[in-house]
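Comments concern the structure below.
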Amino acid sequence: MITFEFFPPYEPWSLNMERTKHWSWRAKRARDYRFAAMVAARNAGIGPQPASTVRVELPFDKSSSRRDPSNYLPAVKAIVDGLVDAGLWTDDTAEFVSVEEPVLVKASHVVVYVAPRK
């Protein structure tokens, strides 16, 4: 299993937040998360991977808030897109990547786990 981490450019955003914001607000966050994930994977020296499962720990400042982990899949999607940009897979289709529901943690950085699919 490969593990790497990076500091997020913003607190992760949810599907609910996306619905109330202008498309450019979401596009900027997705672009910045995607770039941060790509740089982190490249800096970690991660090369091409076989078909894999990805798990992401998303950081939040406050752990007391109740949150639905699946609501934060937009941030995870941007991270996976960044891993494709870094060359881990040729595409993020089900043939190459499966994604687990994100884990929400009280932390300051994103942690990404990439494991070969069984």
Side-chain angles (χ1 to χ4, degrees):
M1 177 182 303
I2 296 168
T3 305
F4 67 95
E5 57 188 56
F6 63 92
F7 290 101
Y10 314 98
E11 186 169 276
W13 70 99
S14 69
L15 288 168
N16 293 340
M17 293 169 79
E18 279 190 351
R19 291 181 184 132
T20 64
K21 303 290 185 182
H22 190 269
W23 66 265
S24 63
W25 179 92
R26 188 249 183 232
K28 178 172 176 36
R29 277 155 182 74
R31 182 184 63 239
D32 293 347
Y33 259 75
R34 184 176 185 156
F35 182 76
M38 179 195 66
V39 169
R42 286 184 178 170
N43 287 344
I46 303 169
Q49 298 296 305
S52 305
T53 299
V54 174
R55 183 173 45 122
V56 177
E57 291 181 359
L58 295 174
F60 289 89
D61 291 337
K62 299 173 185 162
S63 63
S64 61
S65 297
R66 291 178 48 156
R67 295 182 174 96
D68 173 6
S70 62
N71 204 14
Y72 292 88
L73 286 173
V76 175
K77 169 65 173 150
I79 291 167
V80 171
D81 287 344
L83 300 182
V84 171
D85 295 343
L88 275 68
W89 311 281
T90 56
D91 199 357
D92 63 350
T93 60
E95 177 184 353
F96 300 104
V97 184
S98 59
V99 178
E100 294 181 0
E101 183 173 75
V103 177
L104 310 181
V105 297
K106 183 175 180 177
S108 60
H109 53 276
V110 173
V111 180
V112 180
Y113 302 89
V114 178
R117 197 179 296 156
K118 297 176 183 179

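All values derive from a computational prediction rather than experimental measurement.
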Taking [X] for its side chain and [Y] for its backbone only, find out whether a donor-acceptor pair lies under 3.5 Å.
X   : Y   : value
S52 : P50 : yes
W89 : P48 : no
Y10 : D32 : no

Residues D68 and S70: side-chain donor-acceptor under 3.5 angstrom: yes
Give a yes or no on whether the ring-centroid distance for F35 and F6 is below 6.0 angstrom.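 Between F35 and F6, the centre distance exceeds or equals 6.0 Å.
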Of all residues at least two apart in sequence or in a different chain, which pass the salt bridge (charged side-chain N to carboxylate O under 4.0 Å, His left out) check with E5?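 Here no residue qualifies.
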Find out whether [X] and [Y] are in side-chain contact, i.e. whether some heavy atom of one side chain is under 4.5 Å from a heavy atom of the other.
X    : Y    : answer
P69  : E101 : yes
P116 : Q49  : no
P102 : L73  : yes

Give, for atom CG of L58 and atom CH2 of W13, the distance between the pair rounded to the nearest 0.5 Å. 9.0 Å
Nearest 0.5 Å please: distance from the OH atom of Y33 over to the CD1 atom of I79. 6.5 Å
Nearest non-hydrogen partners of Y72 and S14, listed with the distance: CE2-CB, 3.7 Å
Restricting to non-hydrogen atoms, name the atom on D85 and the atom on R34 that form the minimum distance, rounded to 0.1 Å. OD2-NE, 2.6 Å
For K106, is there an ion pair with D61 - N to carboxylate O distance below 4.0 angstrom?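 K106 and D61: not salt-bridged.
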Summary of ring pair (Phe, Tyr, Trp, His ring centres under 6.0 Å) pairs that have at least one residue in residues 98-118, sequence neighbours excluded: none
